[in-house]
Amino acid sequence: MGDIIHMINTNIKNSSIRIENLFKSIFSNIPNTSIHFEDHLVVIKHNDPVNADSASIEIIENNYGYKISYWDGYSLSEEESQKDLNKALKVFKRYAKKLGKNLIRFTNSSIS
């Protein structure tokens, strides 16, 4: 009986609730942001009608682990790879916070 191992949060698909809660906690008050889920991919994007290549972060599950990418929508791009999902999600969270701060700063400065 003690040999049962629950396979929860072992891939992106099984971590969707955790990722969605992260999205809600950071982006709920930031307009024009969306999250897109697929089995092996999550993208958080700023839906900017002026910038076709707007700011985004993504995490992609592949054969080697996870690739996490950040794009600020203008010139800054960062990318990290992790073999462990928990480490990958920590990087994704860091990028999400960075994106959220930048969107708040950009949105507030364009309103003033």
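- Contacts of F23 classified as ring-ring contact (aromatic ring centres under 6.0 Å, His included), with partners at least two apart in sequence or in another chain: F27.
- For the residue pair L99 and A55, the shortest heavy atom distance occurs at CD1-CB, 3.4 Å.
- Heavy-atom contacts from other residues, nucleotides or ligands closer than 6.0 Å to NZ of K93 number 12 or fewer.
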Check the pair Y66 / K87 against side chain to side chain contact (heavy atoms under 4.5 Å, CB included), numbers first and verdict last.
-> CA-CA 9 Å; Y66 304 89; K87 289 179 182 178; over 6 Å; no
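- The OG atom of S69 sits 10.0 Å away from atom CD1 of I57, with the distance rounded to the nearest 0.5 Å.
- Through side-chain heavy atoms spaced under 4.5 Å, either directly or across other Ile, Leu, Val, Met, Phe, Trp or Tyr residues, L41 is tied to V43, I60.
- Between I59 and A88 the shortest heavy-atom distance is CD1-CB, 3.9 Å.
- The CD1 atom of I26 sits 10.0 Å away from the CD1 atom of I35 when rounded to the nearest 0.5 Å.
- With hydrogens and angles ignored, the 3.5 Å screen pairs no side-chain donor or acceptor of N102 with any backbone N or O of D72.
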Worked verdict on L22 versus L89 for side chain to side chain contact (heavy atoms under 4.5 Å, CB included) = CA-CA 10 Å; L22 171 70; L89 289 174; over 6 Å; no
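- Scored by the side chain to side chain donor-acceptor pair (under 3.5 Å) test, S25 finds no partners at all (sequence neighbours excluded).
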Before giving the answer on salt bridge (charged side-chain N to carboxylate O under 4.0 Å, His left out), spell out for R94 and E80 the whole-Å C-alpha distance, their side-chain angles and the decisive distance to 0.1 Å.
-> CA-CA 11 Å; R94 182 173 34 118; E80 290 187 38; 2.7 Å; yes
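- Within the structure, the ring pair (Phe, Tyr, Trp, His ring centres under 6.0 Å) test picks out the following pairs touching residues 68-95 (sequence neighbours left out): Y70-Y95.
- Residue pairs that meet the side-chain hydrogen bond (donor to acceptor under 3.5 Å, both in side chains) test with at least one member in residues 29-41, sequence neighbours left out, are S34-N47, H36-E38.
- Considering every non-hydrogen atom in both D48 and S54, the closest pair reads CB-CB, 3.7 Å.
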Determine, stepwise, if the pair K98 / L76 fulfils side chain to side chain contact (heavy atoms under 4.5 Å, CB included).
-> CA-CA 12 Å; K98 185 176 189 175; L76 180 65; 4.1 Å; yes
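- In this structure, CG on D53 lies 7.0 Å from NZ on K45, to the nearest 0.5 angstrom.
- Donor-acceptor pairing under 3.5 Å is lacking for the side chains of N21 and R18.
- If you take CG on L85 and NZ on K83, they are separated by 14.5 Å, rounding to the nearest 0.5 Å.
- Residues satisfying the salt bridge (charged side-chain N to carboxylate O under 4.0 Å, His left out) criterion with D84, sequence neighbours excluded, are absent altogether.
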